[in-house]
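In what follows, a single structure is set out as structure tokens and then discussed.
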Amino acid sequence: MDFFIDRKETEELFQEIFKKIQILRNGETHHEMKKFGLKYPKSLGATIVNLREIGKDYQKDHLLAHKLWTKGFRESKIVATLLEEPEKVTGDQLERWFAEMDSNELLEQASMNLFQYLPNIKELVKEWVKSEDASKQVCAVMVVGRLAMDKNEESDRLFIDFIEMLPKKFEDAYFLNQVKRALGKIARRGDVVVNKLVALVCELKREDEDWKEIWADLQYELNL
């Protein structure tokens, strides 16, 4: 369990940020979210763009992120992912956040805003993709896709390992779509990764319709 020592100035910042979030309340957006299956226990309907604008105004702060996440609103959780300090994230915290992420939207925001910057993310990705926790699997795929676009990431080892660890069958359409996106990004990295990817997909598509879909997408990506 993580322990926090509260600070008056951090509490003041938290109150300030949450007031800004409340001002962004949007009933129309909230209604639209419900239509698309985003049914949060606590949500104000603020847009991602507006929440990002709030995040830009503040320094990253581990305690502040904790307070925002604990508030439990969709919006406060998203801002928490923007303001968390990656180097201070603990294993217990990750487990708690995974247990409290109640939508694919939150998984996506956490992966994009925070998880890809964790110091040990390469080890975590391999752990998550093999996990029985569907949320961790989704985040692993999302993060790998983003890392594949990083031009400063010179090694292809992570992506080769990731290709080998992918499930042979897919039970969830959303997860399948995230895999398609990630593999499309990985396919742009060069011949070593592409050869490995093509060999695997060609083998699996013989017996599985989902892998046939993945192969069709890859053909477009690789101009085959």
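Every value quoted in this text rests on a predicted model; they were computed, and no experiment measured them.
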When clusters are formed by joining ILVMFWY residues with side-chain heavy atoms under 4.5 Å apart, either directly or through shared neighbours, do [X] and [Y] land in the same one?
{"X": "Leu24", "Y": "Ile48", "answer": "yes"}
{"X": "Val141", "Y": "Leu200", "answer": "yes"}
{"X": "Met165", "Y": "Val144", "answer": "yes"}
{"X": "Leu147", "Y": "Met149", "answer": "no"}
{"X": "Met101", "Y": "Phe175", "answer": "yes"}

Is the side chain of [X] donor-acceptor paired with the backbone N or O of [Y] at a distance under 3.5 Å, no angle test?
{"X": "Asn50", "Y": "Ala46", "value": "no"}
{"X": "Gln178", "Y": "Val138", "value": "no"}
{"X": "Arg189", "Y": "Ala148", "value": "yes"}
{"X": "Ser76", "Y": "Leu68", "value": "yes"}
{"X": "Asp61", "Y": "Leu64", "value": "yes"}
{"X": "Lys77", "Y": "Glu100", "value": "yes"}
{"X": "Asp156", "Y": "Phe159", "value": "no"}

Verify salt bridge (charged side-chain N to carboxylate O under 4.0 Å, His left out) between Lys196 and Glu164, making sure each step is shown before the conclusion. CA-CA 9 Å; Lys196 183 73 177 179; Glu164 294 175 343; 2.8 Å; yes
Between [X] and [Y], which heavy-atom pair has the shortest distance, and what is it?
{"X": "Ser111", "Y": "Val143", "result": "CB-CG2, 3.9 Å"}
{"X": "Arg206", "Y": "Cys202", "result": "CG-O, 3.5 Å"}
{"X": "Leu82", "Y": "Leu51", "result": "CD1-O, 3.8 Å"}
{"X": "Pro119", "Y": "Pro86", "result": "CD-O, 3.6 Å"}
{"X": "Ala140", "Y": "Val125", "result": "CB-O, 3.8 Å"}
{"X": "Ser43", "Y": "Gly45", "result": "OG-N, 3.4 Å"}

Quick check for you: to the nearest 0.5 Å, what is the distance between [X] atom [atom1] and [Y] atom [atom2]?
{"X": "Leu218", "Y": "Leu183", "atom1": "CG", "atom2": "CG", "result": "6.0 Å"}
{"X": "Gln137", "Y": "Met142", "atom1": "CD", "atom2": "CE", "result": "12.5 Å"}
{"X": "Asp210", "Y": "Leu204", "atom1": "CG", "atom2": "CG", "result": "11.0 Å"}
{"X": "Glu209", "Y": "Phe170", "atom1": "CD", "atom2": "CZ", "result": "13.5 Å"}
{"X": "Lys212", "Y": "Glu207", "atom1": "NZ", "atom2": "CD", "result": "10.0 Å"}
{"X": "Leu114", "Y": "Gln109", "atom1": "CG", "atom2": "CD", "result": "11.5 Å"}

Within 45° of the axis and under 6.0 Å from the centre of the six-membered ring of Trp211, does NZ or CZ of Lys205 qualify?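 Relative to the ring axis of Trp211, which defines the angle, Lys205 lies outside at least one limit.
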Criterion side-chain contact (heavy atoms from CB on, under 4.5 Å) on Phe18 and Lys67, from CA distance to verdict: CA-CA 10 Å; Phe18 194 68; Lys67 285 175 171 288; over 6 Å; no
Got a salt bridge between [X] and [Y], using NZ or NE/NH1/NH2 to carboxylate O under 4.0 Å?
{"X": "Glu53", "Y": "Lys20", "result": "no"}
{"X": "Lys8", "Y": "Glu11", "result": "no"}
{"X": "Lys168", "Y": "Asp208", "result": "no"}
{"X": "Lys42", "Y": "Glu75", "result": "no"}
{"X": "Asp161", "Y": "Lys126", "result": "yes"}
{"X": "Glu84", "Y": "Lys60", "result": "no"}

Answer yes or no: is there a side-chain heavy-atom contact under 4.5 Å between [X] and [Y]?
{"X": "Pro167", "Y": "Lys169", "result": "no"}
{"X": "Asn104", "Y": "Glu108", "result": "no"}
{"X": "Ile214", "Y": "Leu176", "result": "yes"}

Determine whether Asn113 and Leu83 satisfy the following criterion, side-chain contact (heavy atoms from CB on, under 4.5 Å), listing intermediate values before the conclusion. CA-CA 9 Å; Asn113 302 336; Leu83 297 182; over 6 Å; no
Can you see whether Tyr117 engages Glu87 through a side-chain donor-acceptor pair at a distance of less than 3.5 angstrom?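 Their side chains do not contain a donor-acceptor pair, so the 3.5 Å distance test is not met.
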Ring-ring centroid check Trp128 Phe162, cutoff 6.0 Å: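 Centroid separation for Trp128 and Phe162: 6.0 Å or greater.
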In this structure, is the centre-to-centre distance between the rings of Phe98 and Phe115 below 6.0 Å?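 Distance test on ring centres: under 6.0 Å, yes.
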Using the rule given for side-chain contact (heavy atoms from CB on, under 4.5 Å), can you reason through Leu124 versus Leu94, listing the C-alpha separation, both sets of side-chain angles and the distance that settles it, and then say yes or no? CA-CA 11 Å; Leu124 288 173; Leu94 285 174; 3.9 Å; yes
Chi angles and distances behind the side-chain contact (heavy atoms from CB on, under 4.5 Å) call for Ile17, Ile21: CA-CA 6 Å; Ile17 291 172; Ile21 290 174; 4.0 Å; yes
Quick check on Arg181: does its CZ atom have over 12 non-hydrogen neighbours (other residues, nucleotides or ligands) under 6.0 Å away?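 No, because the 6.0 Å sphere around CZ of Arg181 holds 12 heavy atoms or fewer from other groups.
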Do other residues, nucleotides or ligands put more than 12 heavy atoms under 6.0 Å from Gln59 CD?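 No - once you tally the heavy atoms of other residues, nucleotides and ligands closer than 6.0 Å, there are 12 at most.
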